[in-house]
Amino acid sequence: MLEIKFVRQNLEEVCQALEKRGDTAALDTFQSEESRRREILSEIDDLRHRRNKNSDEIAALKKKGLDAQNLVLEMREVSARIKALEQDLTISEEKINEILIMLPNLPHSSVPTGKSEAENLVVTKVGTPRKFDFEPKPHWTIGEELNILDFERASKIAGARFPLYFGDGARLERALINFMLELHTIRHGYTEVLPPFIVNRKTMTGTGQLPKFEADLFKLENRDFFLIPTAEVPVTNIFQDEILDESRLPIYYTAYTPCFRSEAGSYGKDTRGLIRQHQFNKVELVKFTTPETSYDELEKLLKDAESVLQLLEIPYQVIMLCTGDLGFSSAKTYDIEVWMPSQEKYREISSCSNFEGFQARRAGIRFKRKDKKGTEPVHTLNGSGLAVGRTFAAILENFQESDGSVVIPKLLRPYMGGKERITR
RNA sequence: GGAGAGAUGGCCGAGUAGGCUGAAGGCGCUCGCCUGCUAAGCGAGUGUACGGUGUAAAGCUGUACCGAGGGUUCGAAUCCCUCUCUCUCCGCCA
């Protein structure tokens, strides 16, 4: 969420930012409603001031045994007026909030302007896609032929777009989770967190999934609970409504969780394989920082995520999202895209973003500077480190052999009991 | 699922026959003093949000906040209702 005062004082800038994103909002309504709100508020404050003073006076009169009836009658009217105004205020605040809560974040100045993903910027390419002397198969074929993936039975159990791993497949998935968690905790200084996989509405609103994107979420029936679409949600909300001491920052958390997405509106895209599932595993990186360090921290977070692919020796590229492709809450986002030989394309495997104070304001995560009065929102960042299912798919495709077996990346072998290859 | 207890400031903890309590007292923290060092001691300060004033910071000023929402009242941390959460006991359960 943007700060109400900021929007009021920088209406022009907010407008331009929205335009760059290809978004619109009822900002003229916002402006008139916001000035109305302040009018009501100051009238209420005046009346309440009067009420407070006169209440004291009534108390004083009564204490002396004097009659205060006139004043009581007068105050009865004042109170009624206050009550009416308070209702107006609530309505006005709701209107303003409706607009404010739907406003996306402002893109950072370094973000290229563009309409769609076609205008994203390739930042780096790492590794060279392998030349195959046979036709590389898609990962779902490899997985099914090795009996480590079974999409048909998965759909019997749950439905389309759910995974079912067997044997070395299940083990490889688990090995990847452990490999990533240990890399980030031991080598990169993150603290491991294992959060709830179900969260409430307030938490979903805090990170920006609600109210705008409810259709993308799985909601529990008859209860105001949602399945998390990413660990970002529970982990970022750890400090919801708290004031942190500046000395605690930056805070680095990493968390493995399953992620649940209803993928509304994605029918027909990536219908086969592990790329687009209702349930998938992910190791997430989350940071809480001061405003002055958050962009350096974003670069570091990106490197931390990239290192997973480097260590696994899988080719990838990093792109910077343009304004039109930027997520709702993000001020700047890098995507890491991994090479998928069967498609001869780079596919998203991680998204690393700086949300600046956007989520922190929604979630009430603030910090206090040592020698300064008041509080400021922290900056929150997160990135996948990485999406496990997609990494699994990339390994199958990039390390497949003509005989249908898959070579396990060297650094992963200790997590696979020393195994070097998955065979039938 | 059943029965009971409770939710007050960074923490602990007073305050319920409604008014002078943004909130006693203690701890912690900050600054200053004192002291061979440390400890102790002394003094002052120490919530958040929104509005007004101020070029801005500071300051000044008004309002709100004692789990959340609503009600009664001239006036509520204190009375009433609803909800949420925490704790204890019983049941169930990995």
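So that the names make sense, note that chain A is the first sequence line, chain B the second, and so on, each numbered from 1.
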Suppose you measure atom [atom1] in [N] against the same atom in [M]; what distance do you get, rounded to whole Å?
N      : M      : atom1 : value
U16(B) : U84(B) : C1'   : 23 Å
G1(B)  : G91(B) : C1'   : 7 Å
C83(B) : G4(B)  : P     : 15 Å
G41(B) : G26(B) : P     : 12 Å
C80(B) : G19(B) : P     : 15 Å
C33(B) : C27(B) : P     : 22 Å
U21(B) : U30(B) : P     : 30 Å
C65(B) : G22(B) : C1'   : 9 Å

Identified pairing partner of [N], criterion: Watson-Crick or G-U wobble below 3.5 Å:
N      : result
A14(B) : none
A3(B)  : U88(B)
C74(B) : G19(B)
A44(B) : U30(B)
A49(B) : U63(B)
A39(B) : none

For side-chain contact (heavy atoms from CB on, under 4.5 Å), just list the numbers for Arg390(A) and Leu274(A), CA-CA rounded to whole Å, side-chain angles, deciding distance to a tenth of an Å, and then say yes or no.
CA-CA 6 Å; Arg390(A) 289 184 181 183; Leu274(A) 292 169; 5.9 Å; no
Would Lys202(A) and Asp241(A) pass as an ion pair if we require N to O under 4.0 Å?
yes
Does [X] reach a base, just sugar-phosphate, or nothing at all? Heavy atoms under 4.0 Å.
X         : result
Arg37(A)  : sugar-phosphate
Arg361(A) : nothing
Leu71(A)  : nothing
Lys53(A)  : nothing
Asp46(A)  : nothing
Lys83(A)  : sugar-phosphate

Could you pick out which residue, Lys5(A) or Ser79(A), lies toward the 5' side of RNA chain B when each is mapped onto its nearest nucleotide?
Lys5(A)
On RNA chain B, compare the nucleotides closest to Ala59(A) and Arg366(A); which residue's is nearer the 5' end?
Ala59(A)
My understanding is that only residues two or more places apart in sequence, or in another chain, count here; which of them pass side-chain contact (heavy atoms from CB on, under 4.5 Å) with Glu3(A)?
Lys5(A), Phe6(A), Arg361(A)
Exactly one of Val14(A), Leu103(A), Leu11(A) should register a side-chain contact (heavy atoms from CB on, under 4.5 Å) with Phe30(A). Which one does?
Leu11(A)
Suppose the criterion is side chain to side chain donor-acceptor pair (under 3.5 Å): which pairs have a residue in residues 319-331 of chain A, not counting sequence neighbours?
Asn120(A)-Asp325(A), Ser330(A)-Thr333(A)
Is the closest side-chain donor-acceptor distance between [X] and [Y] under 3.5 Å?
X         : Y         : answer
Asn281(A) : Glu173(A) : yes
Lys287(A) : Thr380(A) : no
Glu306(A) : Tyr316(A) : yes

For RNA chain B, which nucleotides open and close the run of contacts to chain A, 5' to 3', at under 4.0 angstrom from a non-hydrogen atom?
G19(B) to G75(B)
